[in-house]
Amino acid sequence: MNQLKQTHQQMIQSNSKDINIPIVEIVGKCDKCGDDIRKLTYPNGDTSFMCLGCIAKEEEQKAIAYVNSKEGLVSYNKKNCGFSKRDVDAVNEPYITDDGNIDAYNMAMKYANRFNEDTSIGFYIYGSVGVGKSLLAKKIMKIVLYRGYSAYITNIIQLMNDIKNDLNNFSDTTLRKCQNVDLLVIDDVGTEKNTDFENSRMFLITDYRYENKKPTIFTSNLKLDELTTKYDEFGRIYSRIRGATQVLEIKGKDRRI
C-alpha cells in the first residue's frame, strides 16, 4: 500500500498541479451485487466509495428503460427500417404533388396518421418507372415509425437474396422480420425471377401477414391484375394481395430524370 501511495505522489509531481488522480483500495463486498467496494482517496483528502457492479446494473436498467420508451422504440425502429441514406434525405423533403398523384398522396397520408394496432389493410401502389411509388410508401413509413410502430422496406429482389443468405447460415431472420413487422413494404413487386423458391417464400410472407391481419404495402410497375397467375396458376399470392390491399395508381413522368 505504501508503494501505491508513493507511486501516486510521483504521478502528481510529474504532472500539473491540477491533476486529481485518486488512490483506489478494495475495502469490502457490496451487499447488493457481491462485487468489490472501492474506496477512492483523492490528493486533497476527499474520499468516495463505488461499486462497479452496481454502476453497471444501473446503466443497464437505464438502457432497458430507454429502449422500452417511445423515444427509444422510435430510434430503434428507424435504425432497422431498411432506409438507405438517400431515403433518409428523400422522406424529409416535400412530396411534389400534381393531378397524377394528389389523390393517392392524400389517401396515403390519411392512412399513415390513422395507423394503429388494428390496421390490417395496406396498399398496392402501381405506376410507371420513377413516378414516386416507392417514395410515397416511405413517406407513410416515416409517419408510422414516428408514431412508435415498426416498419421495414425491402426490394423484392434484395428480399429473396437475403432469405437465401439466411438459409445458408441456417437462419430465418429476414423471413420472420417480414412476417412480424407492424408495417411491411415490398418494393418493385413483379421484377423477381419467380422461381419455385422465391414463390414459396413470397407465399409464406403474404399468407402469414394476411392471416394475422398485418398490413403490407406493395409497389409495382404492374397493374394488380397482371399478378393473377404470375406466381402460380391458382393465383394464391395474388388473392392474398388483393384481399389485403387498396389499389392506388400514380401517374406522371419519371421524376428521377
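Heavy-atom basis, side chains included; hydrogens, waters and symmetry copies ignored. Residues: numbered from 1 along the sequence shown.
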Can you see whether N155 engages D187 through a side-chain donor-acceptor pair at a distance of less than 3.5 angstrom?
no

Rounded to the nearest 0.5 Å, what's the gap from CD1 on I157 to CG on D162? Could you check?
12.0 Å

Should M202 and I156 count as side-chain neighbours, where that means a heavy-atom distance under 4.5 Å?
yes

Side-chain heavy atoms of K138 within contact of V88, under 4.5 Å:
no

Show your working on side chain to side chain contact (heavy atoms under 4.5 Å, CB included) between Y42 and S48 and close with a plain yes or no.
CA-CA 9 Å; Y42 293 89; S48 64; 3.8 Å; yes

Is the closest side-chain heavy-atom distance between D87 and S84 below 4.5 Å?
yes

For the CG atom on N44, are there more than 12 heavy atoms of other groups (residues, nucleotides or ligands in this structure) within a distance under 6.0 Å?
yes

Write out all pairs satisfying salt bridge (charged side-chain N to carboxylate O under 4.0 Å, His left out) with one or both partners inside residues 248-257, taking only residues at least two apart or from two chains.
D98-R255

Should the heavy atoms of other residues, nucleotides or ligands under 6.0 Å from CG of N168 be counted, would the total exceed 12?
yes

Which class fits the ring pair F115 and Y111: parallel under 30°, tilted 30 to 60°, perpendicular over 60°?
perpendicular

Could you grab the distance from atom NZ of K32 to atom CD of E58, nearest 0.5 Å is fine?
9.0 Å

Atom of A104, atom of I250 and distance for their closest heavy-atom approach
CB-CG1, 4.1 Å

For the backbone of V181 and the side chain of R209, can you confirm whether one donor and one acceptor N or O come within less than 3.5 Å of each other?
yes

Side chain S200, main chain D196, donor-acceptor under 3.5 Å:
yes

Would K230 pass as a cation-pi partner of Y238, given that its NZ or CZ must be under 6.0 Å from the six-membered ring centre and within 45 degrees of the axis?
no

Step by step, work out the side chain to side chain contact (heavy atoms under 4.5 Å, CB included) result for E192 and Y231.
CA-CA 10 Å; E192 68 275 31; Y231 295 103; 2.6 Å; yes

Kindly indicate whether the side chain of Q246, heavy atoms from C-beta on, has any atom under 4.5 Å from the side chain of M107.
yes

Check: I96 main-chain N/O paired with N101 side-chain donor or acceptor under 3.5 Å
yes

Have T173 and D166 got a donor and an acceptor in their side chains that come within less than 3.5 Å?
no

Taking the side chain from T47 and the backbone from T41, do they hold a donor-acceptor pair closer than 3.5 Å?
no

What is the distance from atom NZ of K139 to atom CE of M109, rounded to the nearest 0.5 Å?
7.5 Å

Quick one: does F123's side chain get under 4.5 Å of V247's, heavy atoms only?
no

Taking the side chain from N165 and the backbone from N161, do they hold a donor-acceptor pair closer than 3.5 Å?
yes

Applying the 4.5 Å side-chain criterion to the ILVMFWY set and letting contacts propagate, would L224 and L136 be lumped into a single cluster?
no

Using modelled atom types and a 3.5 Å cut-off, is there a donor and acceptor pairing between side-chain atoms of T245 and backbone atoms of I241?
yes

Do the non-hydrogen side-chain atoms of K193 and M160 ever get within less than 4.5 Å of each other?
no

In Å, rounded to the nearest 0.5 Å, how long is the span from CG of L183 to CD1 of I140?
7.5 Å

For the hydrophobic clusters of this structure (ILVMFWY residues joined by side-chain heavy atoms under 4.5 Å, transitively), does one cluster hold both L145 and Y95?
yes

Under 4.0 Å between a Lys/Arg side-chain N and an Asp/Glu carboxylate O for K29 and D35?
no

Are F218 and I121 connected, step by step, through hydrophobic side chains (Ile, Leu, Val, Met, Phe, Trp, Tyr) whose heavy atoms are closer than 4.5 Å?
no

Donor-acceptor pair, D36 side chain versus R38 backbone, under 3.5 Å?
no

Would you say the side-chain atoms of K177 and N80 include a donor-acceptor pair closer than 3.5 Å?
no

Euclidean distance, T174 OG1 relative to K164 NZ, rounded to 0.5 Å
13.0 Å

Examine F49 and L40 and state if one hydrophobic cluster contains both, with Ile, Leu, Val, Met, Phe, Trp and Tyr joined whenever side-chain heavy atoms are less than 4.5 Å apart.
no

Got a donor-acceptor contact below 3.5 angstrom from the E198 side chain to the N194 backbone?
yes

Would you say L175 and L204 make side-chain contact, with heavy atoms under 4.5 Å?
yes

Is the closest basic N to carboxylate O distance between R242 and D225 below 4.0 Å?
yes

Does Y208, at its OH atom, have more than 12 non-hydrogen atoms belonging to other residues, nucleotides or ligands within less than 6.0 Å?
yes

Could you state the interatomic distance from CD (E25) to CD1 (I37), rounded to the nearest 0.5 Å?
13.0 Å

Any donor-acceptor N/O pair, K214 side chain to T206 backbone, under 3.5 Å:
no

With clusters defined by side-chain heavy atoms of hydrophobic residues (ILVMFWY) lying less than 4.5 Å apart, directly or transitively, does Y105 cluster with V185?
yes

Give the minimum heavy-atom separation between S220 and L222, together with the two atoms involved.
OG-N, 2.9 Å

Are I143 and R147 close enough, and set up right, to give a side chain to side chain contact (heavy atoms under 4.5 Å, CB included), and what steps lead you there?
CA-CA 6 Å; I143 296 173; R147 298 189 67 226; 3.9 Å; yes

Mind running side chain to side chain contact (heavy atoms under 4.5 Å, CB included) on E226 and T228 for me, showing each step along the way?
CA-CA 6 Å; E226 293 181 70; T228 305; over 6 Å; no

Hey, mind stepping through Y126 and T219 against side chain to side chain donor-acceptor pair (under 3.5 Å) and telling me if it holds?
CA-CA 6 Å; Y126 78 97; T219 75; over 6 Å; no

